[in-house]
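Numbered from 1 within each chain, the chains take letters A, B, ... in sequence-line order. Small disclaimer: the values here were computed from a predicted structure and weren't measured. Side-chain atoms are counted along with the backbone in the values below, which use heavy atoms only and exclude waters and symmetry mates.
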Number of protein chains: 2
Amino acid sequence: MASLQEISQRANVSVATASRVLNGSSHPVSSQTRAKVLSAAEALGYTPSVLAQLVRKGQRSRIIGVIVGDVSDPYFGAVARGVEEAVADDGYLTMIASGRRTTAAELDHLRSLRDHQAAGVIFASSGYENDPLTEQAQELVDSLMASGSIVLALAPRDISCSGRIAFDDRGAAFDATRYLIGLGHKEIAFVGGPGGFHTSTHRRDGFEAAVRSAGLTPNKRLTGGFEYEAGYRAAQHIALSPERPEAILAVNDDVAIGLVVGFRDTGLRVPADISVCGIHDTRPASYVGLTTVAAPLSEMGHAAGLAILNGETSGTTVLPHHLVERTTTAPSSARAAR
Amino acid sequence: MASLQEISQRANVSVATASRVLNGSSHPVSSQTRAKVLSAAEALGYTPSVLAQLVRKGQRSRIIGVIVGDVSDPYFGAVARGVEEAVADDGYLTMIASGRRTTAAELDHLRSLRDHQAAGVIFASSGYENDPLTEQAQELVDSLMASGSIVLALAPRDISCSGRIAFDDRGAAFDATRYLIGLGHKEIAFVGGPGGFHTSTHRRDGFEAAVRSAGLTPNKRLTGGFEYEAGYRAAQHIALSPERPEAILAVNDDVAIGLVVGFRDTGLRVPADISVCGIHDTRPASYVGLTTVAAPLSEMGHAAGLAILNGETSGTTVLPHHLVERTTTAPSSARAAR
DNA sequence: GCTACAAAGGAAAACGATTGCCGTCCGAGA
DNA sequence: TCTCGGACGGCAATCGTTTTCCTTTGTAGC
């Protein structure tokens, strides 16, 4: 509340001197005056106006924005936690802004982050094809980068930014599918997210490639949302379908869990009757013992945080994933031996 | 990037006029000059410096900070989503800051929120007893409120702020316990969070009151963390204990789910051998069919968002909870009839 | 006793805005 | 013709800082 102005009056010095004492400067100040200023500041409870400092110095603030698709999705929680761990010790502040899966909301957040001169922006959510707002987003990203902010994408996006840190969506789906094939399953389906999202598409591509490479024909792939409910609903359909697959790869854990619970609610046994595999390995996966591909979520966040701290301004990093086998998948023979 | 200065030069008007045109003012400007300014702004790609505006006008920014304990806890996700829905249409931005369950980190976030003149701050996480940093937190909250920010607590906190919006921790635990008693259980235990947290304590109090009011003696209550793992570990102990309870109330859903999975992993049947009830009704609760008390999480967030929008500066609101019966609880007779 | 230089402090111009106050111009009313 | 008032625009102060130039003073070196 108290300004340098008031401090300087109370201490009988100029504003310049007060500034020099209170906010580090190389300009020398005698220890007497320094003491006077310090005690005045103490008495008045001085707090520098960070806003004014930013205006004057034109620097970046110590805010790092993480743009996520859904605040209650544990995927984003993991990423955000990684960012936080990387930057908290350096006094940077991670703020999570939810795009609620709409680009319009993301634009609002980008604008606000630009307005407040954020040190960095991290896109944790995937973009989607033919997004009419891409151009606007790119403009905002450009202006952010032009003014010194670092913009990183952790998921596929039609935006050129300072750098990318991700895992291999296609490869993860490919590996998971190979694993299911290795279990002896022949009829394998992919349950994807909402159409058009890049992650969905890449993962579906990986799935198809694996199925084809094994000489099988890719089974029907149903689409839905990214949430539990979408998986649950899909399970209802699949359970009733005449040509029910033996195994399913879901686009992510939430959908996979929805499938598992949905199947069980309709009387199917998982994995005896049908195997289910997810992608991400978020916390709830272990709640239901889901077999899934562990994605380096917090590692990605961590790397992104460090990149912003170090001002790294280019490059692409791909972090490794690995399969975590739990209890929702079983060899095909288990079914035959029933 | 372009400043009013540059705009005014290009349009051959004074900075004052440019300001009046570009950022609404009641002062009249002829349509000719207006057009000149507008086209200059367009050509130069003018964006007002929100920071400078804030410095000059001393107003609050359009940022609302939500301080949570753990970004991957779905409890906080629900609250944040509620806030978001309430304020997004008015152009306010919800930013989630993780206190990582330490007051020191919370203080950092509070400072940053104050520095950026946030419109409001919402405490979604509980405080704990004898927190040595309470005083500092109170000072920060006071300075925030003094400068016009609204500070709301959604969980018990030893801080006096603009208002409180919550549900009845004690009552929720009381009702859940009465429900378990109503099922015929006599040996009921409470598995609490880390010692000292107000929510833990209030819920334990509600539990004890219910048990006592039924003429039973409160069973041992084990403490742990707020997470799944704490519940899982507790389940290991309880399963091996000679005087195993018939029913358990957990401090929240995550712990309850940990208990359920933990029990099943040790061969106990839930609910046949032991009933488990949670508090919150977060998403994962439905994944495992957990019986739990539904807390008005997003409603609290929503109400808090509206309160900040409307500048409501006082009052306490308590929102209702209700029990959601699923499949982790069963009557005691089910056990006897085994 | 002179110069030279470092230390110490202040005045004032920025940064990018907003706004109170004043001057000019014009048309309307007397 | 004179006056009055409103429309319109600019000057300059202001917000809370930082930073570039001074100016003054003290001291060391010759």
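B:D108 has no carboxylate O lying under 4.0 Å from a charged side-chain N of B:R100, or vice versa, which leaves the two without a salt bridge. At a threshold of 4.0 Å, the pair A:E106-A:R157 counts as salt-bridged, since one of the basic side-chain nitrogens sits closer than that to a carboxylate oxygen. Taking a cutoff of 4.0 Å between a charged side-chain nitrogen and a carboxylate oxygen, B:D90 and B:R62 do not qualify as a salt bridge.
The CD1 atom of A:I7 sits 13 Å away from the C1' atom of D:dT17 (whole-angstrom rounding). Atom pair B:L22:CG and C:dG16:P shows a separation of 15 Å (rounding to whole Å applied). The distance between atom CG of A:L51 and atom P of C:dG16, rounded to the nearest whole Å, is 14 Å. Between the CD atom of A:Q59 and the C1' atom of C:dG16 there is a distance of 16 Å, given to the nearest Å. Between the P atom of C:dC15 and the CZ atom of A:R60 lies a distance of 16 Å, rounded to the nearest Å. Going from atom CG of A:D115 over to atom P of C:dC15 covers 20 Å, rounded to whole Å. What separates CG of B:L54 from P of D:dT17 is a distance of 14 Å, to the nearest Å. The CD-C1' distance, from B:E6 to C:dG16, rounds to 10 Å in whole Å.
An OP1 or OP2 oxygen of C:dT18 is reached within less than 4.0 angstrom by a side-chain nitrogen or oxygen of B:N23. The side chain of A:T17 places an N or O atom within less than 4.0 Å of a non-bridging phosphate oxygen (OP1 or OP2) of C:dG10. For the OP1/OP2 pair of C:dT18 and a distance below 4.0 Å, the side-chain nitrogens and oxygens of B:Q53 include at least one atom meeting the criterion.
Mapped onto DNA chain D by nearest heavy atom, B:A52 and B:N12 fall at different nucleotides, with B:N12 at the one closer to the 5' end. Along DNA chain D, the nucleotide nearest A:S19 and the nucleotide nearest B:S14 are compared for position; the residue whose nucleotide lies closer to the 5' end is B:S14.
A:D131 and A:T103 share a donor-acceptor pair across their side chains, judged by distance under 3.5 Å alone. Judged by distance alone, the side chains of B:D169 and B:H198 never bring a donor and an acceptor atom under 3.5 Å apart.
The closest side-chain heavy-atom distance from B:M95 to A:I96 is not below 4.5 Å. Within the 4.5 Å cutoff, the side chain of B:L107 has heavy atoms near those of the B:L133 side chain.
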Between protein and nucleic acid, restricted to nucleotides 12-14 of chain C and to nitrogen or oxygen atoms under 3.5 Å apart, what atom pairs and distances do you find?
unit_1	atom_1	unit_2	atom_2	d
C:dA14	N3	A:R56	NH1	2.8

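Against DNA chain D, the stretch residues 27-50 of chain A makes heavy-atom approaches under 4.0 Å through A:Y46, A:T47, A:P48, A:S49.
At least one donor-acceptor pair closer than 3.5 Å links the side chain of A:R60 to the backbone N or O of A:S147.
Between A:F226 and A:Y75, the ring centre distance reaches or exceeds 6.0 Å.
Nearest to the side-chain atoms of B:V13 among the listed nucleotides C:dG10, C:dT18, D:dG10 stands D:dG10.
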